[in-house]
Amino acid sequence: MSGTSLDGVDGVIADLSIDAPSLVRAAASEPFDADFKAELLSLNSPGHNELHRAALAANQLAGVYARVVERLLQIAAVQGIH
């Protein structure tokens, strides 16, 4: 997920078993670079070609999400998390 601070994306693998306390098994994050953060902030106001820019930003954001998930899966494999 990413929050209102626009600092980056954080992800976790959590054990939410009913019969045990919740437990974070793995965590990963990736910060947004300054240019991407500036572009996201600029999309808060109407501007030139904003629909195209929003689509490009969404694709870039999806890439960041994918990299965080990939790291989580690598951590899970190393730690034997199922």
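Note that the NE2 atom of His48 and the OG atom of Ser42 stand 12.0 Å from one another [nearest 0.5 Å]. The line from CD of Gln60 to CZ of Phe32 is 8.5 Å long, rounded to the nearest 0.5 Å. With values rounded to the nearest 0.5 angstrom, Leu23 atom CG is found 11.5 Å from Ile13 atom CD1. In this structure, the separation between CZ on Phe36 and CG on Leu61 is 5.0 Å, given to the nearest 0.5 Å.
When all heavy atoms of Ala57 and Leu43 are compared, the closest pair comes out as CB-CD1, 3.8 Å. Nearest heavy-atom pair, Val68 versus Ser29, reported as atom, atom and distance to 0.1 Å: CG2-C, 4.2 Å.
Residues that satisfy the side-chain hydrogen bond (donor to acceptor under 3.5 Å, both in side chains) test with Arg25, not counting sequence neighbours, are Asp15. Among residues two or more places apart in sequence or in another chain, the side-chain hydrogen bond (donor to acceptor under 3.5 Å, both in side chains) test is passed with Glu30 by Arg67, Arg71. Every residue meeting the side chain to side chain contact (heavy atoms under 4.5 Å, CB included) condition with Ala27, not counting sequence neighbours, appears here in chain and number order: Val12.
Criterion: ILVMFWY side-chain heavy atoms under 4.5 Å apart, direct or through other members. Under it, Leu40 and Val9 are part of a common hydrophobic cluster.
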Apply side-chain contact (heavy atoms from CB on, under 4.5 Å) to the pair Leu6 and Leu41, showing each step before the final yes or no. CA-CA 8 Å; Leu6 291 177; Leu41 287 170; 3.3 Å; yes
